[in-house]
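Take a look at the structure below.
Numbering of ligands and ligand atoms starts at 1, following listing order.
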Amino acid sequence: MRRFFIAGNWKMNKTGAEAVELAKALKDKVDGIDKVDIAICPPFTALVSTSEIIKNSNVQLGAQNVYWEDQGAFTGEISVPMLINAGCQYVIIGHSERRQFFGETNQTVGKKLQKVLDSTLNPIFCVGETLNERQSGITEKIVQQQITEALNGIPKENVSRITIAYEPVWAIGTGVTATPEQAQDVHAFIRNLLTDLYDSKAASEIRIQYGGSMNAANAEELLKKPDIDGGLIGGAALKADSFAEIIKTANSL
Ligand code: PEP
């Protein structure tokens, strides 16, 4: 049985003080929830301070990006040991905003995945098609390419530590959500692909989150689908109330 995993991607939001306030409020609201894995992914500048707040709670910490070298002349980058030292258990890799605005490719995403899987951090690996790609009928082709290219060389022993986030780009931050059926179709496609690339055991262990305007009102029907194992949540994770509602919904299913 896969446990639900609900993660909040705060993107480039919240100063240090605001982040601490949100983390405190969330921690109180989800206290005692034990059937769902919960993570928040604040900006780098708030990792250490929020990690202090959620220490010994059921809320875990993730970062939004990482580089594949440990240290050196890579101005502006953050390494895996730095994230672990800051208290992270997770890191988002290949978010569509990184692909769209910062030139990330399936190859750089793959290098980051390899590096993270060689450490104790667990990756949340994002894939998803643009509106144009969906309208052209190539959603599966795009998602297949993103997954096969980035997972190239990653051994079976490591693959179940990956959470895949299926995030249709047209649904991120737009208020337009994929229907539960649209999301389930792609999630099932991904699980079949993982069976082909690895085996059915590995495919059945990997969690696949849905991301794209998930909120307290639409979470239940999405999370009821058999291959949807949680959510990667942007906008609705910026308020403790709405994020906690989604977590409580998952806990009730
Ligand atoms: C995201 O950033 O991964 C995301 C899904 O954002 P939103 O929930 O705002 O669409």
Using a 3.5 Å cut-off and no angle test, enumerate the donor-acceptor pairs between side-chain atoms of residues 71-81 and protein atoms at least two apart in sequence or in another chain.
unit_1	atom_1	unit_2	atom_2	d
Ser79	OG	Asp70	O	2.9
Ser79	OG	Met82	N	3.4

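- Listed by first and then second residue, the salt bridge (Lys or Arg N to Asp or Glu O under 4.0 Å) pairs that reach into residues 232-245 are Lys29-Asp241, sequence neighbours excluded.
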Enumerate donor-acceptor pairs with a distance under 3.5 Å from any side-chain N or O in residues 86-97 to protein atoms, sequence neighbours excluded.
unit_1	atom_1	unit_2	atom_2	d
Gln89	OE1	Leu61	N	2.8
Tyr90	OH	Gln60	OE1	3.4
His95	ND1	Glu97	N	3.0
His95	NE2	Asn9	ND2	3.4
His95	NE2	Glu167	OE1	3.4
Glu97	OE2	Lys11	NZ	2.8

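- Residue-level contacts of ligand 1 at the 4.0 Å heavy-atom threshold are Asn9, Lys11, His95, Glu167, Ala171, Ile172, Gly173, Gly211, Gly212, Ser213, Leu232, Ile233, Gly234, Gly235.
- Checking side-chain atoms of Arg191 against main-chain N and O of Ala203 turns up a donor-acceptor pair under 3.5 Å.
- From Glu221, atom CD reaches atom CD of Glu181 across 7.5 Å, with rounding to the nearest 0.5 Å.
- A single hydrophobic cluster is not seen to contain both Leu232 and Ile208; linkage of ILVMFWY side chains at heavy-atom distances under 4.5 Å, directly or through other members, places them apart.
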